[in-house]
Amino acid sequence: LGESPICLSAGLLLKTTRRDQREKTDEHMEPAPARPDIRRDLVAILPRLRRFALTLCRDESRVDDLVTRACEDAVLKSSAWRGDMALEVRLFTVLRLLARRDAQRRKAGEPGTRSRTQNTHNRPTSRLIIDTLPNDSAAVFLLCAVERLGYRDAAAIMGTTEDSIAKSMFTARRALS
């Protein structure tokens, strides 16, 4: 049976965490500086990351790739992370940037990028409702109403102002009412 890339990534994250804990340093070597181990936290927030990625790209076939790339980026750069922002905010921002970059590549027609397919047969009704919102409004609505982030955090993630977030929330609420 095939496993999804997200399940494989989660397993790899936990496996490397266990291996790192078993490794011992040589007596003559200085221990490496402690860096935050975010891999367990990543596994815990994978469903939230996947849901946000789905509102950004709206193509289920690309969601797992986006989330995997964001998690890999976070693990690779975890030594430089100072903990000055919540891990979720940081990862949501990375996802937004990756989704925007992918959209630009698809628009430019780079090889290896696929256009979005519209298969609505097996999708839940709530996904169809979210799909009616403009991209930014859907992402902002998810961050503020579902993830319960404040306008300040949502603005940091989306790379915009709090006023713009308030306008997007108004647009989303009006469209959903």
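Residue indices begin at 1 and follow the sequence shown.
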**Fill in**
Residues passing the side-chain contact (heavy atoms from CB on, under 4.5 Å) test with Ala139, sequence neighbours excluded, are Phe52, Thr55, Leu56, Met158

**For Cys71 against Leu42, the heavy-atom pair lying closest together** = O-CD1, 3.9 Å

**Prompt:** With a 4.5 Å limit on heavy-atom distance, are the side chains of Arg96 and Thr93 in contact?
**Reply:** yes

**Request:** Name all residues meeting the side-chain hydrogen bond (donor to acceptor under 3.5 Å, both in side chains) criterion together with Thr161; count only those two or more places apart in sequence or in a different chain, and write none if there are none.
**Result:** none

**Asked** Taking atom CG of Leu97 and atom CG of Leu66, what is their separation to the nearest 0.5 Å?
**Response** 11.0 Å

**Request:** For Lys77, check salt bridge (charged side-chain N to carboxylate O under 4.0 Å, His left out) against everything at least two apart and list the hits.
**Result:** Asp73

**Prompt:** Which atom pair, heavy atoms only, marks the closest approach of Ala53 to Val67?
**Reply:** CB-CG2, 3.9 Å

**Message:** Would you say Leu176 ends up clustered with Leu142 if hydrophobic residues are merged whenever their side chains have heavy atoms under 4.5 Å apart, either directly or through other cluster members?
**Reply:** yes

**Message:** Once rounded to the nearest 0.5 Å, what's the spacing between atom CZ of Arg173 and atom CE of Met169?
**Reply:** 3.5 Å

**Request:** Give a yes or no on whether Phe170 and Leu143 share a hydrophobic cluster (residues Ile, Leu, Val, Met, Phe, Trp, Tyr; joining criterion: side-chain heavy atoms under 4.5 Å apart).
**Result:** no

**Item:** Pairing residues for Arg90 by the salt bridge (charged side-chain N to carboxylate O under 4.0 Å, His left out) criterion, not counting sequence neighbours
**Value:** none

**Sequence neighbours excluded, every pair satisfying salt bridge (Lys or Arg N to Asp or Glu O under 4.0 Å) that has a member inside residues 133-143** = none

**Prompt:** Please walk me through it: do Cys144 and Leu149 pass side chain to side chain contact (heavy atoms under 4.5 Å, CB included)?
**Reply:** CA-CA 5 Å; Cys144 295; Leu149 295 176; 5.7 Å; no

**Arg69/Asp65 salt bridge by N-O under 4.0 Å criterion** = yes

**Request:** Test Cys57 against Asp102 for side chain to side chain contact (heavy atoms under 4.5 Å, CB included), laying out the working first.
**Result:** CA-CA 9 Å; Cys57 70; Asp102 282 354; over 6 Å; no

**Message:** Can you pull out every salt bridge (Lys or Arg N to Asp or Glu O under 4.0 Å) where at least one residue sits in residues 138-157? Sequence neighbours excluded, please.
**Reply:** Arg48-Glu147, Arg51-Glu147, Arg152-Glu162

**Request:** Determine the minimum heavy-atom distance between Leu91 and Ala74, stating which atoms define it.
**Result:** CD2-CB, 3.5 Å

**Message:** Tell me every residue that passes side-chain contact (heavy atoms from CB on, under 4.5 Å) with Thr171, counting only those two or more places apart in sequence or in another chain.
**Reply:** Ser137

**Prompt:** So does Arg50 pair up with Asp64, basic N to acidic O under 4.0 Å?
**Reply:** yes

**Side chain to side chain, Arg106 and Arg62, heavy atoms closer than 4.5 Å** = yes

**Complete:** So the ring pair (Phe, Tyr, Trp, His ring centres under 6.0 Å) pairs with at least one residue in residues 131-163 (sequence neighbours excluded) are none

